[in-house]
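Accompanying notes for the structure given below.
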There are 2 protein chains.
Amino acid sequence: MDKLLTIQQVAAATSLSVHTLRYYEKMNLITSIQRDENGYRCYSLEDITWIEFLNRLKATGMTIKKMIELAELRRQGDSTLTARRKFLEEHYKEVQQHMIELQNNLNLLANKIVTYKEMENNYLNNRPNK
Amino acid sequence: MDKLLTIQQVAAATSLSVHTLRYYEKMNLITSIQRDENGYRCYSLEDITWIEFLNRLKATGMTIKKMIELAELRRQGDSTLTARRKFLEEHYKEVQQHMIELQNNLNLLANKIVTYKEMENNYLNNRPNK
DNA sequence: ATAAACTTTCGAGTTAACTCTAATGCAAGC
DNA sequence: GCTTGCATTAGAGTTAACTCGAAAGTTTAT
């Protein structure tokens with residue numbers, strides 16, 4: 001029931017490279033990965049779940065530094081649950097804010113595109129060899 | 001009427017640093033900035049407009065490399081208007097796609113926060129010294 | 001007129017997040 | 001038994017986007 005995976009399999013499953021997996025471990029983003037008798041890493045399904053969670057945080061723009069903070073809290077056990085929730089809520093707000101700004105800039109970009117279309121028409125209508 | 005600004009004033013107006021302004025110029029993101037008799041840069045209002053536009057593109061996640069492409073087209077004049085519009089439309093789509101993914105990840109994060117709240121309650125109710 | 005505060009260039013340094021290399025060892029196929 | 005391919009580590013290299021420092025000229029304030 002405690003199926004274990006090679007680093008290669010985990011790389012495929014998480015779309016991180018094996019290099020990155022080892023890098024994350026060195027950075028203490030991922031900790032206490034089991035080893036087999038040859039010192040090879042053996043990842044559990046729980047490890048995968050954690051890595052997938054990290055990927056999602058990364059996709060929302062969280063820095064590795066921040067993720068390390070969170071991983072540190074997680075290592076300390078259930079007594080840090082509230083701290084971790086607050087941490088995520090804080091990040092949530094930041095991402096929300098970022099999305100608002102993104103939407104605003106996207107709207108301005110849409111306007112710019114309209115302006116370009118007008119300029120294009122002017123240009124085409126005033127060409128010498130029209 | 002052709003008011004000219006010092007690098008310092010432009011830095012203040014665009015919230016870029018003077019270092020970054022010179023860096024952008026070296027990268028050909030900004031070109032043909034006028035110089036006074038001592039070789040000091042003199043920015044026009046049009047230059048400011050362009051830099052502000054670059055800032056907006058940056059805020060939507062466009063890389064400097066991409067922005068240089070666009071600046072290059074712009075330097076070639078009105079014949080590249082269509083190419084520039086298409087370039088921006090392409091970028092627009094990318095940002096839209098990115099926002100969809102961001103929203104999706106944000107929703108998952110919201111779920112995670114709810115889960116944390118449940119775990120917190122369980123933890124608090126099962127403490128030894130409740 | 002002299003110090004403080006600007007400007008210039010060139011090139012080096014920084015930070016984040018990988019990404020790769022080298023040296024070495026284990027393992028599976030023929 | 002040997003080759004091919006996987007694993008390990010430590011540490012060096014890469015890329016993007018700045019950011020800074022040094023040396024030297026200029027302008028402003030006292």
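In the text below, chain A, chain B and the rest are named by the order of the sequence lines, each starting its count at 1. Please read these numbers as outputs of a predicted model, since none were measured by experiment.
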| field | A:Lys86 atom NZ, over 12 foreign heavy atoms within 6.0 Å | value |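 No.
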
| query | Between C:dA17 and A:Tyr24, is there an OP1 or OP2 to side-chain N/O distance shorter than 4.0 Å? | reply |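 Result: no.
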
| task | Pick base, sugar-phosphate or nothing for A:Thr63, based on heavy-atom distances below 4.0 Å to the nucleic acid. | result |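 Touches sugar-phosphate only.
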
| message | Need one value for A:Lys58: base, sugar-phosphate or nothing, where a base atom within 4.0 Å counts as base even if backbone is also close, heavy atoms only. | response |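 Sugar-phosphate contact only.
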
Whole angstrom is fine here: how far is it from [atom1] in [X] over to [atom2] in [N]?
X: B:Asp36; N: D:dG25; atom1: CG; atom2: C1'; result: 12 Å
X: B:Lys66; N: D:dT15; atom1: NZ; atom2: C1'; result: 17 Å
X: A:Met62; N: C:dA16; atom1: CE; atom2: P; result: 15 Å
X: A:Ile68; N: C:dT15; atom1: CD1; atom2: P; result: 15 Å
X: B:Leu21; N: D:dC20; atom1: CG; atom2: P; result: 14 Å
X: A:His19; N: D:dT9; atom1: NE2; atom2: C1'; result: 13 Å
X: A:Ile30; N: C:dC18; atom1: CD1; atom2: P; result: 11 Å
X: A:Met27; N: C:dA17; atom1: CE; atom2: P; result: 10 Å

Look for any protein N or O under 3.5 Å of an N or O in nucleotides 9-12 of chain C and output each such pair with its distance, or none.
from	atom 1	to	atom 2	distance (Å)
C:dT9	OP1	B:Arg35	NH1	3.3
C:dT9	OP1	B:Arg35	NH2	3.0
C:dT9	OP2	B:Arg41	NH1	3.0
C:dT9	OP2	B:Arg41	NH2	2.7

| query | Can you find a pair of side-chain heavy atoms, one from A:Lys93 and one from A:Gln97, that are under 4.5 Å apart? | reply |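 No, their side chains stay 4.5 Å or more apart.
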
| Residue met sooner reading DNA chain C from 5', once A:Tyr40 and A:Tyr23 are mapped to nucleotides |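 Its nearest nucleotide being more 5', the pick is A:Tyr23.
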
| said: To the closest 0.5 Å, what do you measure between CG (B:Leu29) and CG (B:Leu70)? | reply: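 Separation between the atoms: 9.5 Å.
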
| said: Return the CD to CG distance between B:Glu52 and A:Leu108, rounded to the nearest 0.5 Å. | reply: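 Nearest 0.5 Å value for the CD-CG distance: 11.0 Å.
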
| query | Side chain of A:Ile64: nearest nucleotide among C:dA17, C:dT7, D:dA7? | reply |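 Nucleotide nearest to A:Ile64's side chain: C:dA17.
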
| task | Would you indicate which nucleotide in D:dC20, C:dT7, C:dA27 comes nearest to any side-chain atom of A:Glu37? | result |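 Minimum distance to the A:Glu37 side chain belongs to C:dA27.
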
| query | Will you find, in the side chains of B:Ser44 and B:Asp47, an N or O donor that is under 3.5 Å from an N or O acceptor? | reply |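 B:Ser44 vs B:Asp47: donor-acceptor pair found between side chains.
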
| Polar side chain donor-acceptor pair, A:Asn107 to A:Gln103, under 3.5 angstrom |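 Short answer, yes.
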
| query | Is there a donor-acceptor pair under 3.5 Å between the side chain of A:Trp50 and the backbone N or O of A:Leu45? | reply |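 Checking the backbone N and O of A:Leu45 against the side chain of A:Trp50, no donor-acceptor pair under 3.5 Å is found.
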
